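Input: a single structure, listed below in structure tokens.
Just so it is clear: chains get the letters A, B, ... in the order the sequence lines come, proteins before strands, and each one is counted from 1. Nothing here was measured: the structure is a model prediction, and the numbers come from that model.
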Amino acid sequence: MRKFGLHFGLILACVIVLLPPLWALRTSLVPESMSYSTEIFPAFTLDNYRGLFAKNRFGTFYVNSLIVALGSVIVALPFAACTGYAFARFRTGGRFARFAVLATQMLPPVALVLPAFAILRGAGLTNSLPGLILVYSALNLPFLTWILMGFFEGVPADLEGAAMTDGATAWGAFWRIVIPVSLPGLAAAGVLGFILSWNEFLFALVLSGPQTATIPVSLAALQTSNGVQIAKVSAGVVLAILPLVIASRFIQRFIIQGLTFGGVK
Amino acid sequence: MASIELERVSRRFANGTYGVRDIDLKIEDGEFVIFLGPSGCGKSTTLRMIAGLESISSGDLRIGGRSVNNVAPRDRNVAVVFQNYALYPHMSVWHNMAFGLKMRGVGLEEIDQKVAKAADLLGLNLLLQRKPGALSGGQRQRVALGRAIVREPEAFLLDEPLSNLDAQLRAEMRLELVKLHRRLGRTMVHVTHDQVEAMTMGDRICIMRDGQMIQTGRPLDVYANPADIFVARFLATPPMNLIPAQLTHADDKLVVQIDPTTHVGVPPKHYAPYVQKAGGPITAGIRAEDIYETQARPEWQRISVKVVAVEALGAENVLIGLLGRDKPIEIQARLGRHFFAPVDSIVDLYVDTEPMHLFDTETGKAVARPPLPAGR
Amino acid sequence: MASIELERVSRRFANGTYGVRDIDLKIEDGEFVIFLGPSGCGKSTTLRMIAGLESISSGDLRIGGRSVNNVAPRDRNVAVVFQNYALYPHMSVWHNMAFGLKMRGVGLEEIDQKVAKAADLLGLNLLLQRKPGALSGGQRQRVALGRAIVREPEAFLLDEPLSNLDAQLRAEMRLELVKLHRRLGRTMVHVTHDQVEAMTMGDRICIMRDGQMIQTGRPLDVYANPADIFVARFLATPPMNLIPAQLTHADDKLVVQIDPTTHVGVPPKHYAPYVQKAGGPITAGIRAEDIYETQARPEWQRISVKVVAVEALGAENVLIGLLGRDKPIEIQARLGRHFFAPVDSIVDLYVDTEPMHLFDTETGKAVARPPLPAGR
Amino acid sequence: DDIVLRALMEDVPETQIIEAMLPDFEKETGIKVEFEKIGYGDMHDKLVSQLVSPQSYYNLLEVDFLWAGEFPAAGWLADLKPFIAKSNYDLTPFIPSTLDLLGRTEESLQILPMYNYSMGLIYRKDLLADPKLQEAFKKASGRDLAVPTTLAEYVEISKFMKANADVAGAAMQGQRGDPNSMEFSNYLFASGGAYLADGKKVVLDSPEGKVALDLYVDNIKNGAQQGALSANLDDTLRLMCSGKAFSMVTYWWMLPQVDNAEKCPDVAGKVALTTMPGGHGESGGWGWGIPKNVSPEEQEAAWKFIQWVQSKDVSVARALQGHAPVRADVYTDAKVLAKYPYYKEAQDIVATGKSFPIFAYSAQYEDVLGTHLSQAGGGEATPEDALKGAAKGLEELLAK
Amino acid sequence: MTGFMNWAHREVRIGWAFASPGLILLAIVMGFPLLYACLLSVSSYTLLKPAILPIVGTDNFATMMASERFWGATWLTVKYSVVTVACQFVIGLGIALMLNRVVRTKPIYFAILTIPMAMSPVSVALIWRMLLQPNLGIVNHLMETLGLPRLDWLGSASLALWTMAGIDIWQQMSFVVLILAAGLASLPREPYEAAEVDGARGWQQFWFITLPMLRPVAAIAVIIQLINEFRTYDLPYVLTKGGPGTSTEVLSFFAYRQAFLGLSINEGAAAAFVLLVIVLAMTVVFFALLERQSKS
Ligand SMILES: Nc1ncnc2c1ncn2[C@@H]1O[C@H](COP(=O)(O)OP(=O)(O)OP(=O)(O)O)[C@@H](O)[C@H]1O
Ligand SMILES: Nc1ncnc2c1ncn2[C@@H]1O[C@H](COP(=O)(O)OP(=O)(O)OP(=O)(O)O)[C@@H](O)[C@H]1O
Ligand SMILES: [Mg+2]
Ligand SMILES: [Mg+2]
């Protein structure tokens, strides 16, 4: 009976969360001219998806987004894990360093985008996916560092002590003990990093060119002076959701069961 | 070479308290040393400093003659059994034990062999695939022990490694550890609260209190010649009976006068060291096992004790009784398993006074006398 | 009313192994019961099932007559000392101890009083503001104990609550727990590996093995009349000597023939129960404390033992020796602290055969005989 | 190296029309042209970051008239006069207002018109012709219901429609910023007001301005659809399209979108276009520019392209696909008129269009003005204060 | 304890060894832009006169401080951020807790509840604009069907900010769920057993056990969201452009206006730094409070 309330609450939350994306799904499947119709399904068409790929080169941007988001996580996560570990375990740099790292993310992107453009231009990295990956890695780093720091603080220090007396280097203890024990945190941080890059708009806008734009840029371009092509936007949104839904099947293994300790008393 | 030397080593914690203060200790290469002391006295802290897991606030720690204050744990090549086990929660028992070997680059085959052997020894064969979360307390402790013994480090640091094992297993493990020590000849430091472990396993016993080292020596030496009341009481169960008394000197006899009607005489051969204390207060220390129910030797001295309780432990009975009449003092005596006496009855017991100690009542220090031979 | 009844209770874990299997047990209201058994036999699991922390796979658990299989732990009103302490890492010692009282709605003043009293008892006064992370192992265990004793629950479930304490503290705590039991009259279940605790604290002792209940009874009864080899060996340190032999019946005498030259006679008063086994193999059980260095009584029987080692424990010496010539058997004897013999020498020892047990070699069960009185 | 012209373009039909014709240009000249299409809102930021850097990635620019003050002021654009002179390019066919709009001066011409978005009034013929409504209107006002000729009339009809025809009288773009400033400009010009006199003096806070704002606020409050203050072009277009509005002030070339049986079946055939009541509407447009920070060869190529794309032939070809011309000769082209009869009105609208003040801070002024309008429309400020504030804001920005 | 002072300490060296790759990456990529932005904020650099010199010191800040709209935007931002973060946290925590208690159906719920974060804020805003369209949108249609008044979600000065906040909460709550769900998964189980026998009921366990143990992770989630909310830009940009009036003009939108519409990159940078200082101050104070509370 107690479970009933639980499921009721969760289902309610799911419904609230799901209604807008569902309406977007519905809109993506009706002709643009009927997108604002109050009927549930006035007509069915796949034109919006077709148009998105054929006319708006959505396929390219989709792949770009995947590369950039994955790439930035792959780059940022290890760096963030190491820095977060140093902050959590060795208190490196004290409170100052922690807050300084975080503070780099406190400026609105608007203030950073021109200078960032300038240095990337200098390095010949504008208009290229590696450039975007680099920038996103740096943008993600502070957040991921902090999140992982929070998780690492929960790992009993004696586990590393045990590993180090067992002959592991500090690195070995980190890699073989702390990392596996912190999988929930790493999974969460990874998803977060992916999503931040997946959705980032301003840097993508300024730093990308016609070949290297990402999904948010391409969807934003659908707001034209002739009106918003909302059906196509909806189609884009529906497609943009897919990777996370697929990925969450794997991620939740870590986030959901976590690890039960039993190693220390 | 893995002698371990501590020179005025202290550990001050973040909150300002000292875990250990100005400890001096030299452990020879290959020595088996027991750390003993009340809860919270700094045993684990000392061990962890030796392992390099606790930073040293001041003083100098040397292993094999080399100062290691800033040497990484892995480069000290010690194996540790943590008091809280510190098992790797995400690894199976096998991997927990194999980890140290893997880290040292031992070949897989050899690892397999060694782990299998240790598991055998510890009765963990059937549990090798389990994760620590699915083990009982004692099983976890055995894994922790196994993790240390599969390796052949310069030194073993064992922090109460047998505390959660049943008596039988504990006895076996005790034996195995001693064998291991004989076989490898490596330095071993063993923290324990177990009387038997303390007395039988080590070459030397170090008694700690409040972060300081009180007395070290061969176990039976320390047992026979405690430096002070604390050591005397601590190193025995039931603890030594401490009886406040007056040391009187009359008729050429040195007598411990407990109350007007109760006294025991000092054996004549100890007159010389003790006579200086005559005429003043003294604390007499009589071990529970020096009190007998029958007078087997003539020099044993009779005392009358009012029975408070008789605890039957199966193999022996411990009598708890009151000595003296005005201000009766509770004493305990280890008697045979057949001994019995009703509560409140008065029984006559006989004290072997030869191993009796006299302590300065004020300082608690033992009044110096030539050391008794061990085993007394 | 907090009697606790287990009826064919089992606990099957996720991986398919049984932690406990078909246990039947009835603990009376106010009884003090000791669980004893080798590591991994299911003691903690049983305790945790009683507390409601481990779900019951089959069987019925009743507290105060009411089936509680599906009652939440908090509604069972028990206090638990966890084997792994399970302290609240984010709370100070004071809050750790006060938490249970707070949850039961006890007033702040009363909480303060109770916690202060418990802290006093446990020697934790100076640590009340610390968090568990800054405590030594023994201190943590005391906090865990304190957390249980501040409350006045229907039942106390103590899982090796004293294992990490030093001997002296352990003795004090033992006494305090007994006093607590007397004062509150609440049911207590206590898991221990300590011989002394097992023998002295409880009304009843329950011996477990491999998830099953082997024998229950008053401590000395069990000690005197073990149901089988396992119990016999388990409930003693050093364990009972088990000697494979032939039971021969000749000249009207029943003799345990160890090898052609070594034997001990069965006391005549035990002929009746044992004679049926005559002419077959038998396992003789002789406790280490039933072997003496001198023949104090005429009926004690002489055996010759080759010395392997003499372990000096301070208060007593344990001789490890070999009995018999062809296939010598290792035996242990608890002898006086003055006993000594060189290794490999042959010594004569004397066996009190009256408490001797005979066990069926195949089943390991004790050959039934009228129970010996406790204390024998 | 072959020169590639790269332009950042707004993703609208105009761009697509030209894009489709690019192969012709390449065949003709061997110059390849690439369009990168994004939304209007994002263009400025992206262009600016390129233009301030030492070398721009884009070597052909599409410039909105709102930037026609800023870009030259910042010195980002090459002067086209030398190119025009060298190639003898004839500017006379361009409707003068389209050139003025883009900041041409005596000394220089930095932006050449590309297409135009002057604003007019799109309204529902069927509602005006409805006898019941005609009768009711007559009763209420004593006049006949007809296409309004003054702003006041328009607002009156708008309110009337809202009250009686179950539609919004006007689909208004009240969202702060570009939408409401542009819309209000129509009201201002329609009532005879102006932002600046003699190009410098601020005359916004005039009796005409007051009338314009009062009527604007009145219409927002009593004539417009619900939610007008957050509405932008998209909202009004959809509203008009759904038949739930009587009129909207918008770009003249929006007519075919509304008058489209497929997209807006509810109103197709029932809508018409006229100049803003009062005779003058807001005029806007896009132009071509060439960035300074690119090589001379690229600039040459860019000029070639501009010449080509704004030539009569190409313009006509574009117009036949719906292009909004800037050349008078295209409006009068027979083929064009045949296909789009309403281009006659359109030419009027373009020719009579007046311009929002063009200076370096035009875009910011839109925001300033928009804020005051929005506050007035939402009742947060009185029209008097809003007008004063808007005038003062203009003065400040002009002085900056 | 730490710092360059005891470089001799092994731990200090190891700590820096671990920290430096990340710090270096950050310094290389963000260091220059940050310094540059910092320089801009005290310079006379505008798009029309793109020259750093002369340095004008705090003039840009003074100009801004003198502007009423700046203060309005600041106050609005603080109000908006605090409210949205508080709601996200409370809702997110509630959902994470519920998630933590179900077993088999958890993957499904989890997959659904994290969907909003996969949508870029721009598209979220566009989709919601469609839903909330006052005349044609489905929400008002439903409201009407249910006999409720049609609301002017984004066109009313009093409602627009809260509509935006609602949309924001709807989306960002999924981040909080993600982080807190992971945090809950990594909590040790033992204290709960102790609390169970100590008699703590569900909410007491939550209050006395879960919340304090989750505190490090939860605090970080709050801070990250706070920073994100302070920088909110996409939502007002698409939804309202800061209107009606100035009712949704948040600070980062203000900074944007200043930099790109006002062409005063320097003032934009100054506004950005003011924002940074406010967030940083709130962060530091927040952690100081947490620390004080966890000590007592
Ligand atoms: N989660 C689990 N999954 C599988 N097996 C388990 C699990 N927990 C315990 N066991 C097994 O159940 C058995 C009983 O465990 P229990 O903890 O009750 O032992 P115990 O008698 O308390 O031992 P100890 O004295 O070592 O604490 C052990 O063999 C153990 O390996
Ligand atoms: N992190 C810490 N901060 C402050 N004090 C600490 C910390 N760790 C331990 N202590 C204190 O230092 C003293 C020594 O601790 P230590 O763990 O060495 O004791 P121990 O001798 O091993 O005791 P036990 O037998 O109970 O395990 C104890 O009084 C303890 O409270
Ligand atoms: Mg310890
Ligand atoms: Mg157990």
Side-chain angles (χ1 to χ4, degrees), chain B residues 13-15 17 36-45 83-84 123 130 134-139 141-142 159-160 163-171 193-196 199-200 219-220 223 233-239 287-289 311-317 334 337-338 340 374-376, chain C residues 13-15 19 36-45 83-84 123 130 134-139 141-142 159-160 163-171 193-196 199-200 219-220 223 233-239 287-289 311-317 334 337-338 340 374-376:
Chain B
F13 288 109
N15 66 358
T17 59
L36 202 68
S39 175
C41 69
K43 305 178 294 294
S44 301
T45 306
Q83 189 168 14
N84 63 8
R130 293 240 193 115
L135 295 180
S136 81
Q139 287 162 345
Q141 192 165 42
R142 280 181 274 160
D159 201 347
E160 308 190 21
S163 61
N164 281 78
L165 303 184
D166 57 277
Q168 203 172 338
L169 203 53
R170 196 153 57 212
H193 288 310
D194 184 287
Q195 182 80 12
V196 179
M199 296 307 292
T200 60
L220 290 173
Y223 190 86
R233 275 189 73 86
F234 197 78
L235 198 57
T237 32
R287 294 207 180 273
E289 64 269 20
E311 282 193 343
L313 306 185
E316 67 197 6
N317 290 357
R334 287 177 75 166
R337 55 195 279 227
H338 303 291
F340 187 73
R376 293 256 48 195
Chain C
F13 288 109
N15 65 357
L36 202 66
S39 175
C41 68
K43 306 178 293 295
S44 300
T45 307
Q83 190 169 12
N84 61 9
R130 292 241 194 114
L135 295 179
S136 79
Q139 286 162 346
Q141 192 165 43
R142 279 180 275 162
D159 201 347
E160 308 190 23
S163 61
N164 282 76
L165 303 183
D166 57 275
Q168 204 172 337
L169 204 52
R170 195 153 57 212
H193 289 309
D194 185 286
Q195 183 79 13
V196 179
M199 295 307 292
T200 60
L220 289 172
Y223 189 87
R233 276 189 72 84
F234 197 79
L235 198 57
T237 31
R287 293 207 182 273
E289 64 269 20
E311 282 193 339
L313 305 184
E316 68 198 3
N317 290 358
R334 286 177 77 165
R337 56 196 279 226
H338 303 292
F340 186 73
R376 294 256 49 196

Partners meeting salt bridge (charged side-chain N to carboxylate O under 4.0 Å, His left out) with Glu311(C) (sequence neighbours left out): none
Can you tell me which portion of Asn317(C) sits under 4.5 Å from chain B's heavy atoms? Options are side chain, backbone, both or neither. neither
Of all the heavy-atom pairs spanning Ala312(C) and Leu220(B), show the shortest one and how long it is. CB-CD1, 3.4 Å
Can you tell which part of Leu313(C) gets under 4.5 Å to a heavy atom of chain B, answering side chain, backbone, both or neither? both
For chain C, which candidate among Leu235(B), Leu169(B), Thr200(B) shows the most heavy-atom pairs at distances under 4.5 Å? Thr200(B)
Measure Ala167(C) against the heavy atoms of chain B and call it side chain, backbone, both or neither at under 4.5 Å. both
Is there a donor-acceptor contact under 3.5 Å from the side chain of His193(B) to the main chain of Asn164(C)? yes
Of Cys41(C), Ser44(C), Ser39(C), the one forming a side-chain contact (heavy atoms from CB on, under 4.5 Å) with Ser136(B) is Ser39(C)
The interface call for Glu160(C) against chain B, heavy-atom contacts under 4.5 Å, is side chain
What's the separation between atom CZ in Arg170(C) and atom OG1 in Thr237(B), rounded to the nearest 0.5 Å? 8.0 Å
Measure distances from Phe13(C) to the heavy atoms of chain B and classify the residue's part below 4.5 Å as side chain, backbone, both or neither. neither
For residues Thr17(B) and Arg130(C), determine if any side-chain heavy atom of one lies less than 4.5 Å from a side-chain heavy atom of the other. yes
Among residues at least two apart in sequence or on other chains, which ones pass salt bridge (charged side-chain N to carboxylate O under 4.0 Å, His left out) with Glu289(C)? none
Is it the backbone or the side chain of Thr45(B) that comes under 4.5 Å from a heavy atom of chain C, or both, or neither? neither
Whatever's closer than 4.5 Å to a heavy atom in chain C on Asp159(B) counts as neither
Value for CG (Asp194(B)) from CG (Asp194(C)), rounded to nearest 0.5 Å, stands at 8.5 Å
